[in-house]
Amino acid sequence: MTFLELTEGPLWYVALVVFTVGVVWNIFSILAMRVRSDSAQPRKSPVGGGIKAIFLHMVPHGGFFSRTAYHVIVGYLFHFGLFALMLFGAAHVAFIEKWTGLSWTAMPRWGLIVAAEIAFGGLILMWIRRWTDPITRKISDRDDHIGTGLTMLAMLTGCFALGEASDMLRAIHMLSVELLMLYFPFSRLMHAFTFIFSRYFMGAAYGKRGYVP
Amino acid sequence: MSNVATKVIDHFMGQVGAQAAIWLQSCVHCGECAEACHFFEVTQDPRYTPTWKLEPFARAYRSRKAPFAGVRKALGLAKEPNDAELNDWQELIYDSCTMCGRCSMVCPMGIDIAALVGMARKSMAANGIGPEDLFAIAEKSREVGSPLGVTPEKLEERIDWLSDDHEVDIPLNKEKADVLLTISSIETMKYPLSIVAMAKVLNHAGIDWTFSTKGYEATNFGVLSGKADVAKVMIERIVDAAESVGAKTVVIPECGHAYGALRWTGAMMLGRPLPFEVFHITEYLAALKRDGKLKLKPVDGAITYHDPCQISRRGGATEAAREVLDGFAQDFREMSPTGNANWCCGGGGGVAAIERATPLRHKVFEIKMKQVEDTGAQMMVSACANCRQTLDGGKEHYKWDREIGSLVEIVADHLVED
């Protein structure tokens with residue numbers, strides 16, 4: 001078995017199972033906890049408040065844009081760039097088709113390069129802020145840096161593998177993605193899934209009172 | 001980990017349900033919440049970043065109750081806090097958080113940090129960790145019925161005196177009444193004219209109302225201090241009083257946390273729905289005005305309004321005060337930011353009762369001074385005696401030249417009597 005076959009075979013299966021089971025277990029084990037009952041007479045619908053909060057918190061509101069502009073802009077750059085790369089990179093589209101049979105149009109090469117630059121720019125600027133801003137430097141921990149580092153590594157090895165010049169570069173990219181997937185369910189990267197529940201619970205609690213902050 | 005810290009964390013974990021678990025686990029450490037916190041704003045000290053205030057509790061959650069906590073604990077990746085650390089953390093959980101909820105506005109994950117701080121307070125208070133002066137006030141509420149020592153006898157004396165001095169009928173212990181009016185002891189002891197004002201307005205509107213010595217104190221220092229047993233006793237007293245006079249409406253005076261405690265958490269503490277409707281006095285005034293029961297002379301001079309956080313952002317009654325002021329205040333000027341986004345006074349959440357937090361509160365007042373001065377208004381009114389007390393403290397400290405007043409008092413002073 002070659003290194004590439006190992007990373008696209010057994011290691012891929014292990015990473016996929018750990019990622020999927022880990023994420024599902026993570027969310028369900030939390031949702032299985034007691035939900036605090038609240039018998040106060042509602043002023044407005046808690047469900048409406050929860051749904052509103054999910055969308056409201058996608059953008060700064062309440063006059064906070066100027067105070068949070070850096071984080072919002074670089075955060076969106078990174079996330080949009082990353083999702084574009086993941087879902088529309090030609091090699092990724094082919095990989096998904098191989099495993100699921102589903103296929104869609106891939107980005108042209110120039111689009112991929114732009115998306116990569118945007119994603120790298122966003123992530124690097126976020127990481128710089130994490131190290132240099134006194135607030136984020138104070139509150140960041142090992143998990144934040146490991147998560148960022150593994151994401152950066154996966155993106156970087158993806159760039160090296162872009163030319164499809166060697167099996168080794170492709171295998172290294174696969175391995176770095178698998179490391180990221182193995183780490184994901186145990187880390188703060190889970191925010192990619194929990195943000196919906198977090199916003200919903202807050203919006204429901206406040207929305208019942210009449211205002212969703 | 002030492003014994004007391006273990007008990008605090010045990011207690012905290014006992015409170016953690018799905019909502020708290022999701023919030024404790026969703027923070028991405030972006031630090032944007034600092035931008036919303038008045039304590040950070042005036043100090044620029046990263047320790048006052050709201051999410052950092054929860055750090056020992058979030059850490060303990062990761063090692064105790066979070067998914068895969070066992071793995072983290074086995075690998076030694078999550079160290080639980082010890083006694084000394086939790087003791088130091090008092091300043092962040094009590095002195096520098098007013099539970100105003102402004103940080104939830106800016107949080108991209110939508111974390112209710114104020115709710116988590118409230119839980120942390122409960123766990124610390126249950127194990128004796130917290131400001132002694134705040135705890136003493138809470139205990140006094142349980143023992144004598146009021147945090148500032150307003151016993152039923154003292155209330156009767158106060159009401160007799162106010163009634164005679166101001167020639168206003170202030171009913172006490174009527175057998176039956178439609179409305180039970182409650183007080184904040186800050187008003188009773190420091191701003192008694194507020195009680196006179198509420199009585200004048202309710203009499204003017206022809207409401208069948210009463211005070212009751214069975215349950216009169218709305219300010220709930222049990223909630224503020226984290227002493228859940230005291231909080232429940234305070235709620236039960238009001239419920240008993242309302243039930244005994246058959247009141248279907250309970251009106252909360254100018255006190256923000258009192259409103260939140262009864263209106264939004266009262267039923268939960270009581271273990272059953274409240275047998276009456278709860279209105280903050282501003283909501284009640286707005287309803288009276290809407291029903292044509294308030295006849296008011298216009299008030300002159302530029303006025304601005306300070307939103308108490310627990311009535312506006314966390315209470316959902318932001319528009320009530322504006323409805324009262326609309327067409328009544330001839331020159332009403334909004335602060336910026338205002339309404340649901342308004343800056344806290346700095347004394348909510350019991351912080352006003354913590355002596356050692358006084359310098360920090362005064363720093364926060366600098367925000368409010370600038371906000372008011374930018375409007376050009378000579379007078380700032382509010383609808384919370386706790387805010388008013390905090391703001392008055394700031395005014396005195398800085399020898400500030402603007403006036404600070406009460407909305408209900410202004411309304412009472414401008415009633416048109418037939």
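Letters A, B, ... are given to chains in the order of the sequence lines, protein chains preceding strands, and every chain is numbered from 1. Only a predicted model underlies this, so the values are computations on that prediction, with no experimental measurement involved. Both backbone and side-chain heavy atoms feed into the values below; hydrogens, waters and symmetry mates do not.
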- Task: Determine the minimum heavy-atom distance between A:Ala40 and B:Trp264, stating which atoms define it.
- Result: CB-O, 3.8 Å
- Shortest non-hydrogen contact from B:Pro67 toward A:Ile30: CG-CG1, 3.8 Å
- Task: Identify which part of A:Pro60 has an atom lying under 4.5 Å from any heavy atom of chain B, answering side chain, backbone, both or neither.
- Result: neither
- Are the side chain of B:Arg314 and the backbone N or O of A:Arg209 linked by a donor-acceptor pair below 3.5 Å? no
- Query: How close do B:Met109 and A:Phe195 get, heavy atom to heavy atom, and via which atoms?
  - Reply: SD-CB, 3.5 Å
- Between A:Asp144 and chain B, which part of the residue has a heavy atom less than 4.5 Å away: side chain, backbone, both or neither? side chain
- Among B:Ser104, B:Gly101, B:Ala21, B:Pro273, the residue with the most heavy-atom pairs under 4.5 Å to chain A is B:Ser104
- Distance-only, no hydrogens or angles: does the B:Arg263 side chain make a donor-acceptor pair with backbone N or O of A:Gln41 under 3.5 Å? yes
- Note on the structure: Heavy-atom nearest pair, B:Phe40 first then A:Ile135, reads CZ-CD1, 3.3 Å
- Atom CG in B:Asp112, atom OG in A:Ser198: separation rounded to 0.5 Å? 9.0 Å
- Do A:Tyr211 and B:Met105 have side chains that get closer than 4.5 Å, going by heavy atoms? yes
- Under 3.5 Å, is there a donor-acceptor pair between the side chain of A:Arg34 and the main chain of B:Gln15? yes
- Max heavy-atom pair count under 4.5 Å with chain B, selected residue of A:His191, A:Arg142, A:Arg188: A:Arg188
- Note on the structure: Looking only at B:Glu41, B:Glu55, B:Gln44, the option with the highest number of non-hydrogen pairs under 4.5 Å against chain A is B:Glu41
- Note on the structure: Interface check, chain A: of B:Gly31, B:Gly260, B:Gly316, most non-hydrogen pairs under 4.5 Å belong to B:Gly316
- Note on the structure: Most contact-rich option vs chain B, by heavy-atom pairs under 4.5 angstrom, among A:Val59, A:Leu31, A:Val72, A:Asp141, is A:Asp141
- Shortest non-hydrogen pair, B:Tyr259 vs A:Arg43, comes out as OH-NH2, 2.8 Å
- Message: When you measure from the side chain of A:Arg130 to the backbone of B:His29, do you find a donor-acceptor pair of N or O atoms at a distance under 3.5 Å?
- Response: yes
- Item | Part of A:Ser29 lying under 4.5 Å from any heavy atom of chain B | side chain
- Spatial distance of atom CZ (A:Phe186) from atom CZ (B:Arg72) [nearest 0.5 Å]: 8.5 Å
- Note on the structure: In short, B:Glu35 meets A:Phe64 closest at the heavy-atom pair O-CE2, 3.9 Å
- Are A:Met202 and B:Ile111 close enough that some pair of their side-chain heavy atoms sits under 4.5 Å apart? no
- Message: With chain A as the partner, which of B:Ala20, B:Ser26, B:Ala36 has the greatest number of non-hydrogen pairs under 4.5 Å?
- Response: B:Ser26
- Task: State whether the side chain of A:Arg67 and the backbone N or O of B:Glu32 hold a donor-acceptor pair below 3.5 Å, judged by distance alone.
- Result: no
- Task: Output the option from B:Leu270, B:Leu77, B:Val278 having the highest count of non-hydrogen pairs under 4.5 Å with chain A.
- Result: B:Leu77
- Based on non-hydrogen pairs under 4.5 Å, which of A:Thr136, A:Thr68, A:Ile27, A:Leu189 is most in contact with chain B? A:Thr68
- Message: Which atoms of A:Asp133 are under 4.5 Å from chain B, going by heavy atoms: the side chain, the backbone, both sets, or neither?
- Response: neither
